[in-house]
There are 4 protein chains.
Amino acid sequence: MGSETVLPGKKRDSILQAAVKVFSKKGFHRARMDEIAEKAGVAKGTLYYNFASKSKLFSAAVTEGIETIVIQIQAQLDAEMPFEEHFRKLIACNVDLYLQHGDLARIVFNEVSSGIENDILTDIQRARNRYIDCVAGQLDNGRRTGHIKDVDLYLTAVALVGMLDNLCNLRLQNPRAVGRDQLVDLLTELLRSGLTIH
Amino acid sequence: MGSETVLPGKKRDSILQAAVKVFSKKGFHRARMDEIAEKAGVAKGTLYYNFASKSKLFSAAVTEGIETIVIQIQAQLDAEMPFEEHFRKLIACNVDLYLQHGDLARIVFNEVSSGIENDILTDIQRARNRYIDCVAGQLDNGRRTGHIKDVDLYLTAVALVGMLDNLCNLRLQNPRAVGRDQLVDLLTELLRSGLTIH
Amino acid sequence: MGSETVLPGKKRDSILQAAVKVFSKKGFHRARMDEIAEKAGVAKGTLYYNFASKSKLFSAAVTEGIETIVIQIQAQLDAEMPFEEHFRKLIACNVDLYLQHGDLARIVFNEVSSGIENDILTDIQRARNRYIDCVAGQLDNGRRTGHIKDVDLYLTAVALVGMLDNLCNLRLQNPRAVGRDQLVDLLTELLRSGLTIH
Amino acid sequence: MGSETVLPGKKRDSILQAAVKVFSKKGFHRARMDEIAEKAGVAKGTLYYNFASKSKLFSAAVTEGIETIVIQIQAQLDAEMPFEEHFRKLIACNVDLYLQHGDLARIVFNEVSSGIENDILTDIQRARNRYIDCVAGQLDNGRRTGHIKDVDLYLTAVALVGMLDNLCNLRLQNPRAVGRDQLVDLLTELLRSGLTIH
DNA sequence: GATGAATGAGAGTTCATTCAT
DNA sequence: AATGAATGAACTCTCATTCAT
């Protein structure tokens, strides 16, 4: 009770958190293991005690981070609710998570071509697909209830995530350029009824 | 005429072409000046004779590449044509250019957070905006003729480019995953009338 | 008696055995304490509980290993026997021990210049001399009975050990290159009557 | 004439010379590239500009050094001379070269088991064999003229080199322990007529 | 204009050693 | 007595940049 017992995994977690921050700010190649260690409050050797290499640390940070997000999305949207509400909430939820975890998102969606080793790249793409599949799954609910057109939902989710990525980054880079609600509104409107006047 | 005089700028151009290839394949940080020099068929010192630094070379490669693309878009779409046709052609033209210049596109849309120096980053973002403004300008044609809703066209162009980026990359990484026409159809349908059944 | 008490020194011994194997296979500098600990079936900390440092462990492994060998040589050769037989047996016995303990031998005869700390080097050289003196002592038996020339027996033992080392290593590295008996024959002939025809 | 033109390969040579010194004093693993660079009077990067890796530098130093020695041996012994003289000179020549190039010799004969990468090890063994074959070739002259017994000359050369190595090292480590002439005399006597009195 | 040998700051990784438990 | 997570100094190798020619 009175003891300051350290929780198991505490150090590993602080490393992962520091890694997400640094990888996000600097990108994979400019991120220095020194900086991650310093931010995590451990010695550099400790990084290597817990992760075999910079690449593996990167991979772990991305994979575990995405998993957390996917779980949050499903928790917030699992409840039954009218389609219109569900649709808007799906978008709002994704926007909010993106804005919250911009660090992680930047990694997952932008580090695709930075010359990382192939097996690590595969890990990132797997994480990315984990997220896209989650979104596609949510859209599928709408289709099964007859509210959504019969389009390829995987491709649609890819497109949606692309919009999300670009628009949220706009706000993250310059919060005054566009408001959170404005983003949700635009995305909802575009996805609901498109761009043209019939 | 009969002389073998090398055109001025010929070396500069071959460097730029090599640079786009290498930067695209390796990303900014993994790209090596050695490799660019070799691919361009010049000595390494020549790179520095023409460009002050790796960053400046990167910046030039991106800026000049984007300019070419913007010019091509405008050339293909300037003619008068019915809205429906123009709308589809706008999307098709962007898809085709993206698939053609995947190298360059990957740089412009993915290298945002790779820890490049700030002034170079600004150059890239300027190039990116140049492209987005071009797309937004095309959409504006539709609005002025009453075919397109009164939404923020800059944000819409950002969203469109996000979809384009994600979907075209899907095809570039795995051509058998999705066809060119399928991409154009999906994008046109989504942007025209959205996702839901009313 | 009935208790499961572990014999004192049991762990120490398993560490020493593991150390000889690893040091021999990898050489002093490439040998890792981790690997020795694993091979010995103890935790890394236990190495340091029993030996002050890697160098001291190395020193102990070499010294104790050589001692065992010297004792074996003397045991096999102490009996009275005719000179010719004794001479051949001396060589055969050394060849066999070398081939058996190639691991240890490689260390003692090859690790001389690997940049080990000086005091440890001294330990190794002491062990080496212990072995050479043992061989010289055996030769001295032959001289006292008038069968061996009046040459410097220490130097001669050094020379003998050099031949032994090189020839046995040849066999250890490629057993098909030369047979055990061939080695004994060659060494006996060379040492008995030299190389030339008078 | 008056210009201080630097000979081509001068830097490469000074690196090789420095490498032999440092590798010999410290052994392969304790030798630091920093120290070699400093001793050679070049920057660290220059080592890597000339040699792909520490191992390759090591390999080059050994291979080129041995080649020089083999050439010297053959130059000094090629002349026609009576067998007795040739035999003694062969030994004297080897002793002198060994004592002169003790640095290199230490590497070639002692670095065998230090955990170097296999392909580099192969290079060293090739160099070693180059030397042994050279000695065996010299002995073969004596056999063809009927002065040397019909023994396996490769094995004999291996044995000879083993004696040479051990005895010369004794002198190199402690010059007062044994004189150069004493070494030549002992080796000549042992090899000529062996150890025993018939 | 063009070259390429030379540079050296910087980064990832290893591993003997320590010490709280 | 024994452990093993944590440490950090040390080391190899990379590569943008310079400059004498």
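Note on naming: letters A, B, ... go to the chains in the order of the sequence lines (proteins, then strands), and numbering restarts at 1 for each one. These numbers were taken from a predicted model, which means no experiment stands behind them.
When each of F:dT17, F:dG8, E:dT3 is scored by its nearest atom to the side-chain atoms of B:Ala43, the top-ranked nucleotide is E:dT3. Here the side chain of B:Lys11 is nearest to one of E:dA16, E:dA2, E:dG10, namely E:dA2. Nearest to the side chain of D:Val42, among E:dG10, E:dG4, E:dT7, sits E:dT7. Distance from the side chain of B:Arg32 is smallest to F:dA16 among F:dA16, E:dT7, F:dA10.
Stacking of C:Lys54 on the aromatic ring of C:Phe28 is recorded, both the 6.0 Å distance cut-off and the 45° axial limit being met.
B:Leu16 is listed as a side-chain neighbour of B:Leu57, based on a closest heavy-atom distance under 4.5 Å.
A sub-4.0 Å separation between OP1 or OP2 of E:dG12 and a side-chain N or O of A:Lys54 is present. For the OP1/OP2 pair of F:dC13 and a distance below 4.0 Å, the side-chain nitrogens and oxygens of D:Tyr48 include at least one atom meeting the criterion.
As judged by a 4.0 angstrom heavy-atom cut-off over every strand, B:Ala52 is placed among residues making no nucleic acid contact. Among the atoms of the strands shown, only primed sugar atoms or phosphate atoms (P, OP1, OP2) are found under 4.0 Å from some heavy atom of B:Ala31.
D:Met33 has its CE atom 13 Å from the C1' atom of F:dT14, to the nearest Å. Between B:Tyr49 atom OH and E:dA2 atom P the separation is 6 Å, expressed in whole Å. Counting to the nearest Å, the P atom of F:dT14 and the NE2 atom of A:His29 are 14 Å from each other. Spacing between atom NZ of C:Lys56 and atom P of E:dT17 amounts to 11 Å, rounded to whole angstrom units. For A:Arg30 and F:dA16, the CZ to C1' distance is 12 Å, given to the nearest whole Å. If you measure from atom CG of A:Asp34 to atom C1' of E:dA9, you get 13 Å, rounded to the nearest angstrom. Residue B:Asn50 contributes atom CG, which lies 16 Å from atom C1' of E:dG4 at whole-angstrom precision.
Projected onto DNA chain F by closest heavy-atom contact, C:Leu47 and C:Lys44 fall at different nucleotides, the more 5' of which corresponds to C:Leu47. Judged by closest nucleotide on DNA chain F, C:Gly45 is the one of B:Ser53 and C:Gly45 placed further toward the 5' end.
A salt bridge links B:Glu35 with B:Lys26: the distance from a Lys NZ or Arg NE/NH1/NH2 to an Asp or Glu carboxylate oxygen falls below 4.0 Å. Note on B:Glu64 versus B:Arg12: salt bridge recorded, some NZ/NE/NH1/NH2 to OD/OE distance being below 4.0 Å.
With a 3.5 Å ceiling on both atom-pair distances, the Watson-Crick or G-U wobble partner of E:dA11 is F:dT12.
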Next item on the list: For C:Arg106 and C:Phe23, run side chain to side chain contact (heavy atoms under 4.5 Å, CB included): C-alpha distance rounded to whole Å, both residues' side-chain angles, the deciding distance at 0.1 Å, then the answer.
Entry: CA-CA 9 Å; C:Arg106 248 195 299 275; C:Phe23 280 130; over 6 Å; no

